[in-house]
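Below, all heavy atoms of this structure are taken into account, side chains as well, without hydrogens, waters or symmetry copies. Computed from a predicted model, the values in this text were never measured in an experiment. Each chain gets a letter, A, B and so on, in the order the sequences are listed, and its residues count up from 1.
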Amino acid sequence: MSAAREMLCDTARAVFAEAVTAGIAPVEEAGFGLLLVPETENGFGGDWGDVNAVLQIAGVVVPDLPVAELIAGEALQPAATVSLMAGAMGQALSLSIDHVNTRQQFGRPLGKFQAVQQSLAVMACEVRAVEAAAAALASRLDAVRLDVIAADFEIAAAKLRANRAVGVVAAIAHQVHGAIGFTEEYDLHRVTVPLMRWRGAHGNDAFWAARLGRQVAALGGRGLWKAMTARGA
Amino acid sequence: MQGFALYPFDPPGDIAALRADLRAWLAVNQPQGDVVAQANCWASFDAGFSRALGAAGYVGMTLPVRYGGGDRHPLERYVVIEELLAAGAPVGAHWIADRQTGPLILRYGSEEQRERYLPGIAKGELYACIGLSEPGAGSDLAAVRTTARETPDGWRINGQKIWTTGAHFSHIMLALVRTEEGSERNAGLSQLLIDLDTPGITIRPIIDMAGHHDFNEVFFDDVLVPHGALVGERGQGWKQVTAELGLERSGPERYLSSHALLVALIDAAGPDPAPELATLIGELTAEMWALRQLSMSTAAKLAAGEDPMVEASVVKELGNAFEQDMPRRVQAIVDSGWDDEDDLAKLLRALLIASPSFSLRGGTREVIRGIIARGLGLR
Ligand SMILES: Cc1cc2nc3c(=O)[nH]c(=O)nc-3n(C[C@H](O)[C@H](O)[C@H](O)COP(=O)(O)OP(=O)(O)OC[C@H]3O[C@@H](n4cnc5c(N)ncnc54)[C@H](O)[C@@H]3O)c2cc1C
């Protein structure tokens, strides 16, 4: 990560922490609405890579505040949601790892049991896939200067992949937590409930699958590979 | 784990031209006809194709020029193999030699071994197989019992390997053997490069459930190979093998083996697909796209000299699941008779039957998940 982006993330973490109790006002005051505005127009001049990094933090700390709406317009909300989801899934995984390494049953930490290890490995794969999808979507959006038509394939693929991961990630996170994860007090629902909501927001699985499927069908069987390689690397 | 970023996939040179040249070459040189050979195509043997591919400079690409290689960047090779796999080209004959044996000989081998084997590998004419598994050593590879004793004349090998893919057509085997008497588990193991025409070696076919002869049993009965057959350091076999396994797990073959079926599905669905077909194509495409990003990022990390053991395992785990899921889901919604002779039906049948092996070869699903769990800090 570039030094500028590191600094941006540090600021985001501090401001979002304040926003947990204060609401969206400190986020607005800190100028996050100007993240994508060019420097020539007195904005921050950031790119979608920056937005992706900031929204991954927002997805963990302030999932219920309209940070994505503050930063980007309607057409970019599906892409923004992928970043929120990637952040929330990363947090669900971290909480789960910490929990199974500390909670003891049968005289040892849960993380020593192979069944638990295998579940968390499955979950980690899903999280990695969504993080990769968010990052790849960001490079595409930046390459086409946020033209959502030019990035339609990647937006559809990334949002669909993120949606499909929700079922696995939320289910395993709750399973390995046991009853404590089902309480209001414990932090897990602060990411899993938003994940459930985001799966249906800005296009559920059926919506994006149909859209992407029709787009690919129009390319023809061999056309898929040609299109995919022409769009990046 | 958090903040995981994609490692930039930045091969040198004109990658669009590299793809275009290879596609033009394939249009002329790829054998047409057998659509089933396009599925799981890194198991499709075609010596003529391998030789032509080598002559065209697409085998041993990363090996130094002085050994007949092309001195190309590993990510240029990556682009070439993803094109070959997406096209369903029959790369099985030279696959293992090109992917892992060649690079391993370059890294750990003696000068004599490099000069002896690398030029043939780069020509696409010298084939290799991997001698790891034994009847008593599957997932538990450290249970290897085949021995090699050092004598004044060389190494004397006794024991048995099993499930050895391609042993019947390969010229050499890179075998993991126990060189230190009385050693246990992962200590005392070494890698030997064995010419398979050495007296005392018996290779017996094992026919798989698809009716194919791909893997074999290999018996060693007092086989004598020269001192120079040792690869790398004596007693360091375990370390060398685990590094090698990392290399083989994250390649594009982990999600492109079944690409021919997706192609056939899309073509059968036509430009205006029924809703349930559009949905399936969309879901499969999204998964393939995400896997491609993960695989490219892992390859870039490997090329930069890092050791992305966990990422490589993630690619294998997700790729295996994707490729096992695909034929099942296609069968669930496409009306296709088991014995139908159209491309889609033939591919479907072949991949339904082949796919159980995907999460066995190269490390089982359970072993791979164990590696990921360890990477997460569990255990
Ligand atoms: C098509 C194909 C090609 C192959 N090619 C080669 C080759 O070229 N060279 C070579 O050396 N080998 C090859 N193999 C062998 C392959 O590496 C082994 O099949 C694999 O390592 C598993 O060993 P096994 O078959 O003995 O199964 P086992 O080790 O007996 O395992 C059976 C099942 O038990 C599970 N299991 C085992 N131990 C544990 C544990 N501790 N915890 C949880 N679950 C466990 C496994 O995951 C698996 O599901 C090939 C296999 C196939 C199918």
Side-chain angles (χ1 to χ4, degrees), chain A residues 1 9 53 56 60 87 90-91 93-94 97 100-101 109 111-112 114 116-118 120-122 124-133 135-136 139 153-154 156-161 164 205-206 208-225 228-230 232-233, chain B residues 1-6 9-11 15-16 19 79 82-83 86-87 259 262-273 275 277-283 285-294 296-297 310-311 313-314 317-318 321 366 368-379:
Chain A
M1 215 186 270
C9 288
Q56 292 206 20
V60 177
Q91 175 72 355
L93 179 62
S94 303
I97 293 168
V100 303
N101 277 337
K112 295 271 179 212
Q114 195 187 44
V116 173
Q117 293 172 356
Q118 300 259 313
L120 281 197
V122 170
C125 287
E126 292 299 300
V127 176
R128 276 285 155 105
V130 176
E131 288 168 339
S139 7
F153 182 100
E154 288 79 9
K159 181 62 166 69
L160 177 55
R161 187 63 186 83
R164 286 170 61 77
D205 304 30
W208 288 114
R211 210 164 140 134
L212 184 60
R214 280 199 301 271
Q215 189 183 346
V216 171
L219 295 167
R222 290 284 165 207
L224 168 59
W225 180 251
M228 213 182 256
T229 49
Chain B
M1 281 297 279
Q2 246 200 306
F4 165 75
L6 286 177
F9 186 90
D10 250 339
I15 291 307
R19 285 190 200 282
V79 167
E82 67 168 8
E83 286 294 328
H259 191 59
L262 184 54
V263 170
L265 175 70
I266 295 167
D267 285 338
D272 187 20
L277 280 173
T279 299
L280 177 58
I281 292 168
E283 289 183 353
T285 301
E287 187 64 30
M288 173 185 164
W289 173 79
L291 270 161
R292 181 161 184 258
Q293 311 305 323
L294 281 168
M296 289 194 304
S297 165
V310 175
E311 276 103 320
S313 301
V314 169
E317 163 75 6
L318 287 173
E366 290 71 21
I368 294 293
R369 287 181 182 171
I371 292 170
I372 296 169
R374 207 179 318 143
L376 295 175
L378 309 183
R379 295 196 163 185

Report task. Against chain A, label B:Glu317 side chain, backbone, both or neither, depending on which of its atoms sit under 4.5 Å from a heavy atom there. Result ->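 Contact with chain A involves the side chain of B:Glu317 alone.
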Query raised in the report: Considering only heavy atoms, which portion of B:Ala86 lies under 4.5 Å from any heavy atom of chain A: side chain, backbone, both, or neither?
Result: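 The answer is both parts of B:Ala86.
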With respect to chain A, which residue among [options] yields the maximal number of heavy-atom pairs within a distance under 4.5 Å?
options: B:Ala321, B:Ser313, B:Ala87, B:Ala16; answer: B:Ala87
options: B:Glu83, B:Gln293, B:Arg374; answer: B:Glu83
options: B:Ala278, B:Pro273, B:Gly377, B:Ala373; answer: B:Ala278
options: B:Ile281, B:Ile371, B:Thr285, B:Leu291; answer: B:Thr285
options: B:Asp10, B:Asp267, B:Leu277; answer: B:Asp267

With a 4.5 angstrom heavy-atom cut-off, is it the side chain or the backbone of [X] that approaches chain B, or both, or neither?
X: A:Leu224; answer: side chain
X: A:Ala158; answer: both
X: A:Val100; answer: side chain

Query raised in the report: Under 4.5 Å between any side-chain heavy atoms of B:Val263 and A:Trp225, yes or no?
Result: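 They are not in side-chain contact.
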Specify which of [options] makes the most heavy-atom pairs with chain B at under 4.5 Å.
options: A:Asp205, A:Leu219, A:Leu120; value: A:Leu120
options: A:Lys159, A:Glu126, A:Arg164; value: A:Arg164
options: A:Ala53, A:Gly221, A:Gly213; value: A:Gly221
options: A:Gly111, A:Ala136, A:Cys9, A:Ala218; value: A:Ala136

Straight-line distance of [X] [atom1] to [Y] [atom2], nearest 0.5 Å:
X: A:Gln114; Y: B:Leu378; atom1: CD; atom2: CG; value: 12.0 Å
X: A:Arg222; Y: B:Leu262; atom1: CZ; atom2: CG; value: 10.0 Å
X: A:Arg128; Y: B:Ser297; atom1: CZ; atom2: OG; value: 8.5 Å

Query - Stepwise side chain to side chain contact (heavy atoms under 4.5 Å, CB included) test for A:Gln117 and B:Arg369 - result: CA-CA 8 Å; A:Gln117 293 172 356; B:Arg369 287 181 182 171; over 6 Å; no
Where do [X] and [Y] come nearest, in terms of heavy atoms and distance?
X: B:Ile266; Y: A:Gly220; result: CG2-C, 3.5 Å
X: A:Ile97; Y: B:Leu376; result: CG2-O, 3.6 Å
X: A:Ala124; Y: B:Ile372; result: CB-CG2, 4.2 Å
X: B:Arg292; Y: A:Gly232; result: NH1-O, 3.6 Å
X: A:Ala157; Y: B:Ala286; result: O-CB, 3.6 Å
X: B:Ala290; Y: A:Arg161; result: CB-CG, 4.0 Å

Requested in this report: Verify the distance criterion only: is there a donor paired with an acceptor across the side chains of A:Glu154 and B:Trp289 at less than 3.5 Å?
Outcome: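 Absent: no donor and acceptor within the cut-off.
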